[in-house]
Amino acid sequence: MIGISHLTTGLLIYLFLWLITIAVLWVRELRRIKKHDWSISNNRLFRCHSCHYSFLVKDEHAHLTRCPRCNAMCILFKK
Ligand SMILES: [Zn+2]
């Protein structure tokens with residue numbers, strides 16, 4: 001027969017495992033959001049010299065990309 005102390009211990013273990021699961025899922029979600037997050041910086045902002053269209057690129061280290069509007073090559077010069 002299960003006593004009160006065993007029932008309490010079982011509930012505490014269940015609650016503890018549930019909190020660990022929530023914490024793991026939360027940390028995983030925070031990492032995923034940080035990985036795919038967009039941020040505005042001068043390294044990501046390109047301006048097309050042909051059509052004067054400004055756009056952001058995903059790769060922060062890219063120095064050369066194509067304009068999404070007119071498909072011209074855009075070069076980001078370091079300032
Ligand atoms: Zn363009």
Side-chain angles (χ1 to χ4, degrees):
M1 179 134 188
I2 299 176
I4 295 295
S5 65
H6 288 114
L7 186 64
T8 306
T9 306
L11 282 175
L12 283 177
I13 289 173
Y14 175 74
L15 184 67
F16 187 67
L17 289 176
W18 188 242
L19 287 176
I20 286 177
T21 304
I22 289 175
V24 167
L25 290 176
W26 187 19
V27 168
R28 203 178 101 190
E29 183 69 14
L30 286 178
R31 284 188 180 172
R32 190 187 67 82
I33 287 173
K34 194 171 188 177
K35 188 177 178 184
H36 298 291
D37 193 21
W38 284 90
S39 65
I40 297 174
S41 67
N42 280 339
N43 293 338
R44 291 184 174 187
L45 181 64
F46 279 76
R47 187 163 187 265
C48 180
H49 295 286
S50 300
C51 65
H52 304 290
Y53 184 66
S54 297
F55 57 97
L56 293 172
V57 294
K58 215 168 195 178
D59 186 14
E60 190 174 345
H61 304 291
H63 297 286
L64 186 67
T65 186
R66 288 204 174 264
C67 173
R69 182 187 277 173
C70 68
N71 209 24
M73 294 297 287
C74 300
I75 301 170
L76 181 69
F77 297 105
K78 289 193 174 186
K79 296 168 187 166

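Order of listing sets the numbers, starting from 1, for every ligand and every atom in it.
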Beyond-backbone contact of E29 with L25, side-chain heavy atoms, under 4.5 angstrom | no

CG of L76 to CZ of R47: how many Å apart, nearest 0.5 Å?
-> 13.0 Å

Counting N and O atoms only, with roles assigned by atom type, does the side chain of R66 sit under 3.5 Å from a partner on the main chain of N71, one being a donor and the other an acceptor?
-> yes

Is the Zn ion (ligand 1) less than 2.8 Å from at least one N/O/S atom of C74?
-> no

Quick check: does H52 put an N/O/S atom under 2.8 Å from the Zn ion (ligand 1)?
-> no

Within C48, is some N, O or S atom less than 2.8 Å away from the Zn ion (ligand 1)?
-> yes

Would you mind telling me which of P68, C74, C70 makes a side chain to side chain contact (heavy atoms under 4.5 Å, CB included) with Y53?
-> P68

SG (C67) to the Zn ion (ligand 1) to SG (C51) angle, given to the nearest 10 degrees = 110°

